[in-house]
2 protein chains.
Amino acid sequence: MQVVAEKADARQRLIEAALKVFGEHGFKGASTRAIAGEAGANIAAIPYYFGGKEGLYLAVAGYIADQITGSMGPGLNAAGKLADDPATTPEQRHQAMLALADGFISMLVGTEEAALWARFVVREQFDPTEAFDVLYDRVMGPSYVAIAKLLGPLLGLQPDSDVLKLRIFSVIGQALVFRVARAAILRRLEWDAYTPERLDQIRAALRANLIAIMDAGRPA
Amino acid sequence: MQVVAEKADARQRLIEAALKVFGEHGFKGASTRAIAGEAGANIAAIPYYFGGKEGLYLAVAGYIADQITGSMGPGLNAAGKLADDPATTPEQRHQAMLALADGFISMLVGTEEAALWARFVVREQFDPTEAFDVLYDRVMGPSYVAIAKLLGPLLGLQPDSDVLKLRIFSVIGQALVFRVARAAILRRLEWDAYTPERLDQIRAALRANLIAIMDAGRPA
DNA sequence: GTCTATAGTCGGATAGAC
DNA sequence: GTCTATCCGACTATAGAC
């Protein structure tokens with residue numbers, strides 16, 4: 001295939017090609033031949049650089065964590081700081097939460113790369129391997145914490161209560177669904193693909209639900 | 001392996017074994033040898049009954065649609081009739097929606113079989129094949145319609161508007177997440193598995209979010 | 001560090017006995 | 001309808017040249 005540009009070194013090209021092929025076909029279904037072909041590299045380079053197919057898989061998990069951290073990290077840090085500040089008003093938390101949701105949709109639904117790593121991550125959710133530890137510790141855990149610090153006070157729930165955790169995951173699902181049920185959503189909306197305008201519609205719908213949930217926790 | 005009871009005929013045993021193995025390893029990753037072994041059947045029975053591996057895969061999609069229809073069908077039909085009845089009050093719609101959500105959680109999160117077919121369905125969402133058409137036409141489409149008829153009037157949105165569709169899918173995501181992000185949720189809650197008591201907690205958290213969304217659409 | 005060649009295994013499908 | 005035997009292609013990993 002040799003689709004990927006051969007500028008970066010073979011090691012990096014292999015990781016990016018592996019992300020694509022592992023995502024599409026799973027661990028067993030992905031062949032080292034297909035990955036090497038996609039990367040424009042030799043098959044023998046995989047045992048050479050990563051010790052084997054498993055090592056390459058784990059390297060892909062680290063690469064995904066890097067990508068998501070680079071994209072969402074700044075926003076999550078800002079949200080965390082704001083949430084920790086005692087001077088922050090409920091209205092500011094409210095706005096910060098909506099901004100976080102907008103950014104999450106942009107990354108998760110709006111980028112082509114997300115189509116690649118989402119499959120990888122979902123697979124790990126169903127059948128966790130060592131790669132799940134990497135993703136949870138570096139991406140999911142920190143993301144949850146930032147959201148919980150923002151949303152807990154708005155919902156009037158204890159920071160470490162199970163009910164807060166479950167309500168937050170449920171809220172996260174409101175955004176995840178646009179990636180995880182993409183095919184069904186596109187078919188129902190009679191869309192062929194998500195466009196920037198349609199992403200705005202998605203953000204607006206998500207905002208409407210979030211505002212309802214956040215406002216219900218507010219004293220009148 | 002020969003785990004599956006050999007009472008049913010080989011054809012049926014193959015479908016049930018294939019659901020498990022396709023779910024775990026994907027289409028390419030699943031070997032006909034593993035499926036036949038799990039079913040306690042001969043490898044040659046797969047080309048014989050289904051024409052080949054692809055035919056077996058499609059038969060699994062039909063089997064999943066049967067299972068879900070059997071589980072959710074009665075509730076969806078009842079909800080649809082209630083939603084169509086002009087005498088139905090908003091409060092009745094409200095309650096019917098919560099009941100539907102409870103049932104959905106029971107089936108999606110509370111059953112062991114859902115662990116099998118959820119992987120299959122999610123895979124089809126990311127990379128739809130002919131099997132997706134079966135699942136959409138027989139399961140996803142009818143489910144959406146019933147929910148939309150209940151929820152549209154409560155949210156005060158036009159039945160066929162894009163914003164209603166997107167808000168409904170977002171709401172559906174609130175429940176889906178408990179299956180699709182199961183590993184992350186279990187880790188954050190420090191649970192080892194979902195139990196009946198924990199399913200009640202999940203239903204309560206989902207209800208809280210749903211009530212907030214439905215009440216926001218109500219005139220004070 | 002990258003290549004070719006090849007070893008050893010496992011894949012799906014078929015033929016034909018029973 | 002179910003089995004064994006077998007074909008042939010695809011798989012991962014290694015050895016060793018360059």
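Just so it is clear: chains get the letters A, B, ... in the order the sequence lines come, proteins before strands, and each one is counted from 1.
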Answer with yes or no whether the side chains of A:Gln12 and A:Glu16 bring together a donor and an acceptor at under 3.5 Å.
yes
Using the closest heavy atom to pick a nucleotide of DNA chain D for each, name whichever of A:Gly29 or B:Ala44 lands nearer the 5' end.
B:Ala44
Interatomic distance where CD1 belongs to A:Ile43 and C1' belongs to D:dT12 [whole Å]
9 Å
Is the phosphate of D:dT4, meaning OP1 or OP2, less than 4.0 Å from a side-chain N or O of B:Asn42?
yes
Can you check the B:Phe22 CZ to C:dG12 C1' distance for me, whole Å?
12 Å
Step by step, work out the side-chain contact (heavy atoms from CB on, under 4.5 Å) result for B:Val121 and B:Met140.
CA-CA 10 Å; B:Val121 174; B:Met140 302 172 194; 3.6 Å; yes
Selection from C:dA13, D:dT2, C:dG1 that lies nearest to any side-chain heavy atom of B:Lys53
C:dA13
Mind calculating the distance between OH (A:Tyr48) and C1' (C:dT2) to the nearest angstrom?
9 Å
Whole Å only: how far is the CD atom of A:Gln12 from the P atom of C:dG1?
15 Å
Figure out the CD1/C1' separation between A:Ile35 and D:dC11, and round it to whole Å.
12 Å
Does the distance from a Lys or Arg side-chain N to an Asp or Glu carboxylate O, for A:Arg187 and B:Asp133, drop under 4.0 Å?
yes
5' precedence on DNA chain D between A:Arg33 and B:Tyr49 (nearest-nucleotide basis)
B:Tyr49
Where the side chain of B:Thr32 is defined as all heavy atoms beyond and including C-beta, which of D:dT12, D:dT4, C:dA13 is the nearest nucleotide?
C:dA13
A:Tyr57 and A:Phe22 aromatic ring geometry - parallel, tilted or perpendicular at 30°/60° bounds:
perpendicular
Select one nucleotide: of C:dT2, C:dG12, C:dT4, the one nearest the side-chain heavy atoms of B:Ser31.
C:dG12
Nearest-Å distance, CZ (A:Arg11) to C1' (C:dT2)?
16 Å
Distance-only, no hydrogens or angles: does the B:Arg182 side chain make a donor-acceptor pair with backbone N or O of A:Gln125 under 3.5 Å?
no
In this structure, how many angstroms lie between the P atom of D:dT2 and the CG atom of B:Asp9, rounded?
8 Å
Taking atom P of C:dG12 as reference, at what distance in whole Å does atom NZ of B:Lys28 sit?
11 Å
